[in-house]
Amino acid sequence: MARVFNFNAGPSALPLEVLEEAQRELVDYKGSGMSIMECSHRGKEFEPVLAEATDNLRKLLKLTDDYAVLFIQGGASLQFAMVPMNLLGPGQTADYINSGAWADKAVKEAKLLGGQVNVAGNTAKDIPTRMPAIDGLKLTKGAAYVHVTSNETIAGAQYKVFPKTEAPLVADMSSDILSRPINASQFGLIYAGAQKNLGPSGVAVVVIRKALAEKVAATLPTMLRYSTYIAENSMYNTPPTFGVYMIALVTRWILKMGPETLYRQNADKAGKLYAAIDGNPFYKGTAVKEYRSDMNVTFRLPSEELEDAFVKEASKLGMKGLKGHRSVGGIRASIYNAFPVAGVDALVSFMKDFARRNG
Ligand SMILES: *Cc1c(COP(=O)(O)O)cnc(C)c1O
């Protein structure tokens with residue numbers, strides 16, 4: 001079996017152990033004679049899977065009873081719309097921190113809906129890439145919520161601390177959920193597409209303080225209301241059962257490894273790559289140091305030709321997915337939870353070798 005070092009930004013690497021377990025259970029899930037994909041979502045096989053995925057997320061995020069965990073189809077991008085649809089009432093203003101390509105999409109979606117959107121800080125086009133400084137944010141008194149993107153996956157910039165806001169803080173944590181300790185009680189709503197740190201694409205995890213879902217326009221369609229998912233335990237319609245199953249396995253894997261161990265390992269992995277970048281003038285980090293992402297390490301080489309050669313040579317050595325996002329170029333090493341330390345070590349030694357030969 002030849003597994004590569006998968007630096008893809010999303011969908012991205014899953015823990016090998018989890019894939020092997022899913023494989024073992026694929027054609028006959030726990031003696032049912034069916035795969036979990038073929039089981040009724042209301043049957044005795046799937047019910048404990050949904051419960052485990054929910055409980056594991058509750059444990060890992062240390063959620064109190066006033067929060068609900070929801071599984072919603074449509075990825076993180078549907079949440080760009082669902083958040084304002086549910087939380088931005090008539091006459092209210094929502095504050096958005098525009099930190100890059102993903103935050104910018106969230107802003108655009110909120111504006112489409114016709115509500116008042118205040119951009120409280122904007123670094124979306126800054127080079128080097130950075131997040132808006134927290135003490136410079138222009139927040140609105142009485143805002144419906146403040147939207148923040150915890151990690152800009154394309155730019156490779158990340159908030160290390162979050163603003164303390166009076167209004168509920170809503171966070172897109174698609175690319176760094178469960179990668180480091182956070183204080184969930186600081187947030188009114190957290191959402192994340194699963195395909196970076198949690199499982200396969202097509203399902204978003206939403207963590208919401210239940211009280212926030214109560215005031216919603218009577219005309220909002222059923223499937224677009226958080227209150228539907230809360231009342232029906234994410235089973236108003238057929239949930240993305242295989243995605244939820246994979247999230248259960250991935251979160252079980254995190255609990256088994258120990259979240260603190262995983263968080264330390266993530267910081268170490270990023271630290272090694274940034275040390276390799278800073279240790280050689282051949283490489284240039286793309287993000288301002290204080291906002292460097294531990295999940296998406298972005299950097300440039302002296303020319304685009306060298307960047308192309310770097311990506312091609314790395315790929316031949318089994319390091320895949322290092323090309324930066326098409327909108328920004330450069331190199332991006334996405335090193336989410338499941339990305340192994342050995343892959344980071346391999347990249348570091350390739351970087352040294354490549355710079356020596358081409359510098
Ligand atoms: C990947 C990503 C998204 C989009 O996720 P989809 O599931 O494709 O909709 C949104 N926000 C961030 C920060 C992301 O990294």
Side-chain angles (χ1 to χ4, degrees), residues 6-14 70-85 96-112 121-124 129-132 145-160 162 169-180 182 187 189-207 223-224 229 234 239-240 242-244 246-247 250 266 270 286-287 291-298 321 323-328 330 332-339:
N6 177 1
F7 289 94
N8 283 337
S12 41
L14 285 163
L70 314 175
F71 300 96
I72 304 182
Q73 305 189 42
S77 297
L78 183 61
Q79 296 309 307
F80 295 160
M82 274 182 76
V83 165
M85 281 174 171
Y96 275 74
I97 302 173
N98 193 348
S99 49
W102 288 115
D104 198 54
K105 284 195 159 178
V107 170
K108 290 209 170 95
E109 206 66 18
K111 284 186 175 163
L112 268 184
N122 194 342
T123 55
T129 52
R130 60 185 306 127
M131 307 297 276
Y145 59 87
V146 179
H147 183 280
V148 64
T149 307
S150 57
N151 182 66
E152 283 289 350
T153 319
I154 293 173
Q158 185 177 40
Y159 269 128
K160 303 298 165 177
F162 293 98
L169 187 57
V170 172
D172 176 0
M173 290 196 190
S174 293
S175 51
D176 67 355
I177 193 166
L178 298 184
S179 70
R180 55 174 171 166
I182 58 153
F187 298 89
L189 190 153
I190 296 169
Y191 63 90
Q195 67 272 25
K196 281 121 189 182
N197 266 316
L198 294 175
S201 61
V203 52
V205 167
V206 175
V207 171
M223 281 288 286
L224 297 174
Y229 294 82
S234 302
F242 192 73
V244 172
M246 291 298 290
I247 292 172
V250 170
N266 284 338
T286 324
Y291 297 113
R292 282 175 162 178
S293 168
D294 282 357
M295 295 283 101
N296 310 97
V297 176
T298 50
K323 197 172 166 55
H325 190 269
R326 59 186 187 280
S327 62
V328 293
R332 171 174 56 174
S334 297
I335 49 170
Y336 302 116
N337 287 345
F339 189 88

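Every number for a ligand or one of its atoms is a count from 1 in the order of the listing.
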*List every atom of ligand 1 that sits less than 4.0 Å from any heavy atom of S174, numbering the atoms from 1 in the order shown and giving each element.*
2 (C), 10 (C), 11 (N), 12 (C), 13 (C), 14 (C), 15 (O)
*Looking at atom 5 (O) of ligand 1, what's its closest protein heavy atom, distance included?*
A76 CB, 3.4 Å
*asked:* Tell me the closest heavy-atom pair linking N337 and I177, and the distance in Å.
replied: ND2-O, 4.1 Å
*Enumerated ligand 1 atoms positioned under 4.0 Å from heavy atoms of Q195*: 5 (O), 6 (P), 7 (O), 8 (O)
*By number and element, which atoms of ligand 1 are closer than 4.0 Å to a non-hydrogen atom of G75?*
7 (O), 9 (O)
*asked:* Once rounded to the nearest 0.5 Å, what's the spacing between atom OH of Y191 and atom CD1 of I72?
replied: 11.5 Å
_Numbered atoms of ligand 1 (with element) below 4.0 Å of K196, judged on heavy atoms_ = 1 (C), 2 (C), 3 (C), 14 (C), 15 (O)
*asked:* With a 4.0 Å cut-off on heavy atoms, is N151 in contact with ligand 1?
replied: yes
*Report yes or no: do S179 and N197 form a side-chain donor-acceptor pair below 3.5 Å?*
no
*asked:* I want to confirm something. Looking only at heavy atoms, which of D176, N296, T153, L78 is nearest to atom 15 (O) of ligand 1?
replied: T153
*ligand 1-proximal atoms of F80, by part, heavy-atom distance under 4.0 Å*: side chain
*Based purely on interatomic distance, does T149 place a nitrogen or oxygen under 3.5 Å from a nitrogen or oxygen of ligand 1?*
no
*Can you tell me how far the OG atom of S150 sits from the CE atom of M295, to the nearest 0.5 Å?*
10.0 Å
*Using the ring of each side chain (for Trp, its six-membered ring), is F80 parallel, tilted or perpendicular to W102, with breaks at 30° and 60°?*
tilted
*Nearest neighbour in protein (non-hydrogen) for atom 11 (N) of ligand 1*: D172 OD2, 2.6 Å
*asked:* Just verifying a value: how many Å separate Y291 OH and M131 CE, rounded to the nearest 0.5 Å?
replied: 8.5 Å
_Pair Y336 + F7: ring centers closer than 6.0 Å_ = no
